[in-house]
Protein chains: 2
Amino acid sequence: MMTHDETRPDSAADQPPSSGRPTLKTIARLAGLGVTTVSRALHDAPDIGEETKARVRRLADSLGYQPNRAGVRLRTGRSHVIALVLATESEELGINSQLIYGISEALSASTYQLVVMMHDPLADPLGPIRNIVEAGAADGILFARIEPDDARVRFLTERGVPFATHGRTDMGIVHPYFDFDNEAYAESAVQRLASLGRRRLALVGPPPHLAYARHMASGFCRGVTAMKLESLSVGPIDTDSPHEHIQAEIYRLMQRRDRPDGFISGSAVAALSVTAGAEAAGLVLGRDFDVVVKESSDLFRKFRPAIETAREDFRAAGRWLAKAIVGRIEGTADASIHFLDVPRIAVSEQMPEQIPERMEGRRVGDGLR
Amino acid sequence: MMTHDETRPDSAADQPPSSGRPTLKTIARLAGLGVTTVSRALHDAPDIGEETKARVRRLADSLGYQPNRAGVRLRTGRSHVIALVLATESEELGINSQLIYGISEALSASTYQLVVMMHDPLADPLGPIRNIVEAGAADGILFARIEPDDARVRFLTERGVPFATHGRTDMGIVHPYFDFDNEAYAESAVQRLASLGRRRLALVGPPPHLAYARHMASGFCRGVTAMKLESLSVGPIDTDSPHEHIQAEIYRLMQRRDRPDGFISGSAVAALSVTAGAEAAGLVLGRDFDVVVKESSDLFRKFRPAIETAREDFRAAGRWLAKAIVGRIEGTADASIHFLDVPRIAVSEQMPEQIPERMEGRRVGDGLR
DNA sequence: TAAGTCTCCTGTAACGTTACAGGAGTGAAT
DNA sequence: ATTCACTCCTGTAACGTTACAGGAGACTTA
């Protein structure tokens with residue numbers, strides 16, 4: 001075996017520890033203290049003298065000390081990583097980037113890092129989530145596109161791994177979530193269309209396997225029933241369908257004598273396809289039909305003001321989710337925390353006065369709720 | 001001091017090492033080998049017997065062994081993290097999510113993780129990049145929105161940290177990048193507009209501090225000169241300007257007697273604002289003016305087919321960048337690798353035949369290049 | 001037989017951190 | 001003087017991994 005004759009260095013001034021980066025050892029040597037003391041001082045432990053703490057902190061600051069993540073992780077078993085698992089399915093106009101912005105914004109002040117992974121839910125319902133858990137790759141997991149009975153929610157709950165979701169299940173499992181109140185949205189949208197004099201409504205909702213498809217449908221039904229309107233069902237299309245399918249289906253629907261005169265859409269892109277289909281049938285938005293849409297940007301409100309919009313703020317959702325998951329990891333937040341975002345159908349904005357031509361359609365009052 | 005009387009466990013069957021997760025030690029004990037042997041076997045080292053390797057691999061597989069990232073990172077100093085640094089500035093329609101999809105897609109087969117961070121370039125030109133380097137938080141860094149003289153590129157080159165960018169500088173520093181040939185795009189766009197009979201062109205380019213603003217402008221100028229057309233300069237607006245500003249400026253421009261009849265836009269949203277402004281002035285797209293736009297989704301090509309589009313594929317860019325940065329980290333790729341994406345102005349797609357009304361405007365030939 | 005040369009495997013140390021079990025020094029109470 | 005409590009600091013070990021320096025055994029060569 002080897003002899004290695006320097007378990008304790010005899011010469012006082014030693015070489016730096018290979019990398020230029022300061023460690024606890026660097027600080028300890030400079031301060032004439034033990035590494036343990038330095039560690040505890042930086043953690044503000046009660047059994048370290050105030051003066052020592054201050055001195056250590058000053059030294060650490062001046063050296064630009066930052067704890068080595070690998071060291072901490074190895075010792076504590078905590079990765080300080082939040083995993084965001086995104087579906088590979090087509091996404092609408094950057095809602096995922098908004099979500100990511102919100103999360104990283106909220107995490108940037110913390111010691112947590114955001115790791116993004118892809119997941120094809122068709123190939124494997126659990127996807128990378130099982131792997132994250134088994135590899136201990138993250139302290140907490142975030143995901144969206146929740147199903148009414150969601151395998152991921154069940155799995156993570158069983159394993160006791162902190163997670164938070166955008167959207168909620170019907171499973172009765174208590175866990176942190178942020179959700180947009182799609183039921184209220186649909187109901188408000190119905191009321192809005194009714195107040196515009198529309199009587200025969202159709203809903204283009206999210207893919208039926210997602211939990212909020214049910215919420216939106218039930219709000220739609222409730223609204224239609226309450227207002228004594230008629231509901232027309234569209235064919236097998238949803239907000240994830242290709243543009244051409246939606247457009248063709250709406251075109252077909254608009255040929256009927258009992259064609260709808262109001263549409264509610266779960267997404268901006270789908271609303272465009274709906275409008276395109278209806279216009280292809282020779283109908284005019286705002287005259288022959290109206291559309292209410294849930295969108296995440298202000299884009300369509302700007303360039304197509306005749307379309308009513310409810311805004312879902314994914315950036316705010318991201319911020320909320322980041323705080324929630326950190327709270328769960330650190331044990332400061334209860335599993336029952338959740339947030340149900342109140343939808344608000346926006347009034348079309350006043351255009352700059354030098355372009356009055358864009359003020360097509362009627363002016364509308366204020367939001368419904 | 002403590003005595004700790006079990007440096008070598010006497011009882012054969014021991015407790016699992018605290019967590020349920022298998023480590024090299026677990027495999028070693030089960031295989032009756034040393035940890036070093038197991039480690040080297042899994043790394044396919046030449047000095048381990050083939051039969052042993054096979055046995056160890058089988059065992060590792062059956063246990064679901066995955067190397068502990070913290071252990072590897074601590075020992076090797078390699079984090080197996082790729083950092084993507086995104087600007088907080090407004091982004092156009094999910095290009096960043098496309099980029100993220102591409103990157104994580106390419107990384108999902110590797111041992112690398114994608115960490116996403118935000119950066120406000122106005123507050124600090126280097127932003128989290130200095131921090132990543134000093135904390136050793138990532139093995140490689142990706143970023144976009146490159147400036148002609150980019151502080152980040154200079155810094156990382158000086159520090160010798162692997163990085164790759166979407167976009168390129170004018171600095172002459174050799175480094176991996178993926179870029180869209182915006183000069184060629186603008187020139188093609190000019191030719192396209194010329195072939196449509198347009199003579200007086202205006203460019204709505206990216207913010208002038210970005211490197212590709214110059215590329216696009218120079219392509220525009222070259223095209224205009226070559227085709228002997230007229231170029232009209234728009235006011236202080238760019239693709240990042242608020243919708244209202246662009247719209248108002250184009251509206252103003254369109255009041256002039258020598259108004260432009262062709263627009264080239266660096267982004268889809270800006271193209272919409274341009275169109276809105278021109279239409280507000282009572283002009284008709286495809287009759288009074290044409291627009292060529294660079295977009296990352298197929299959205300506008302679908303619902304507004306009269307707008308000519310060149311598609312920039314950010315997902316492919318993400319895939320390329322992921323492979324490039326991993327190649328740089330592992331030393332298998334040269335610093336000089338780069339990819340200049342060839343723009344191709346698309347023909348408006350055939351609409352489904354049951355909706356012929358949408359086939360407004362003229363049919364056009366094939367792409368320019 | 002002895003030395004040399006392979007092949008295949010091994011233990012130790014170290015990366016940077018924190019939990020643990022003390023321990024030196026001071027001052028107060030017995 | 002001894003005990004006790006308190007404050008403030010310390011060394012050791014361990015998390016899981018890999019680099020390093022061997023070393024046992026078989027086989028070849030002189």
Report the distance from atom [atom1] of [X] to atom [atom2] of [N], rounded to the nearest whole Å.
{"X": "B/Asn68", "N": "C/dC15", "atom1": "CG", "atom2": "P", "value": "18 Å"}
{"X": "B/Gln66", "N": "D/dG16", "atom1": "CD", "atom2": "C1'", "value": "14 Å"}
{"X": "A/Ile27", "N": "C/dT18", "atom1": "CD1", "atom2": "P", "value": "11 Å"}
{"X": "B/Leu74", "N": "D/dA19", "atom1": "CG", "atom2": "C1'", "value": "14 Å"}
{"X": "A/Arg40", "N": "C/dG22", "atom1": "CZ", "atom2": "P", "value": "16 Å"}
{"X": "B/Leu24", "N": "D/dT18", "atom1": "CG", "atom2": "P", "value": "6 Å"}
{"X": "A/Arg73", "N": "D/dA14", "atom1": "CZ", "atom2": "C1'", "value": "18 Å"}
{"X": "B/Arg29", "N": "C/dT10", "atom1": "CZ", "atom2": "P", "value": "15 Å"}

To the nearest 0.5 Å, how far apart are [atom1] in [X] and [atom2] in [Y]?
{"X": "B/Phe314", "Y": "B/Trp320", "atom1": "CZ", "atom2": "CH2", "value": "14.5 Å"}
{"X": "A/Met118", "Y": "B/Ser108", "atom1": "CE", "atom2": "OG", "value": "8.5 Å"}
{"X": "A/Ile100", "Y": "A/Leu142", "atom1": "CD1", "atom2": "CG", "value": "11.0 Å"}
{"X": "A/Arg168", "Y": "A/Asp179", "atom1": "CZ", "atom2": "CG", "value": "4.5 Å"}

Check A/Thr157, A/Thr169, A/Thr165 against A/His175 for a side chain to side chain donor-acceptor pair (under 3.5 Å) and give me the one that passes.
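With A/His175 as partner, A/Thr157, A/Thr169, A/Thr165 yield a single side chain to side chain donor-acceptor pair (under 3.5 Å), made by A/Thr165.
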Donor-acceptor pair under 3.5 Å, A/Arg75 side chain vs C/dT17 base
no
Within less than 4.0 Å of OP1 or OP2 of C/dT10, is there a side-chain N or O belonging to B/Thr37?
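So the side-chain polar atoms of B/Thr37 do come within 4.0 Å of the phosphate oxygens OP1 or OP2 of C/dT10, strictly under.
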Can you see if the side chain of B/Ser39 gets near the phosphate of D/dT17 - specifically, an N or O under 4.0 Å from OP1 or OP2?
no
How is A/Gly34 classified with respect to the nucleic acid when contacts are heavy atoms under 4.0 Å: base, sugar-phosphate, or nothing?
sugar-phosphate
Under 4.0 Å between any heavy atoms, over every strand shown, what does A/Gly32 touch: base, sugar-phosphate, or nothing? Just pick one.
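Contact class for A/Gly32: sugar-phosphate only.
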Nearest-nucleotide check on DNA chain C, B/Leu33 vs B/Gly71; residue mapping nearer the 5' end is B/Leu33
Selection: residues 42-61 of chain A, any non-hydrogen atom under 4.0 Å of DNA chain D
A/Asp47, A/Ile48, A/Gly49, A/Thr52
Criterion ring-ring contact (aromatic ring centres under 6.0 Å, His included) on A/Phe143 and A/His166, from CA distance to verdict:
CA-CA 6 Å; A/Phe143 52 100; A/His166 183 273; over 10 Å; no
Kindly say whether A/Ala164 contributes a backbone atom to a donor-acceptor pair with the side chain of A/Arg328 at under 3.5 angstrom?
no
Closest to the A/Lys25 side chain: C/dC15, D/dT17, C/dT17?
C/dC15
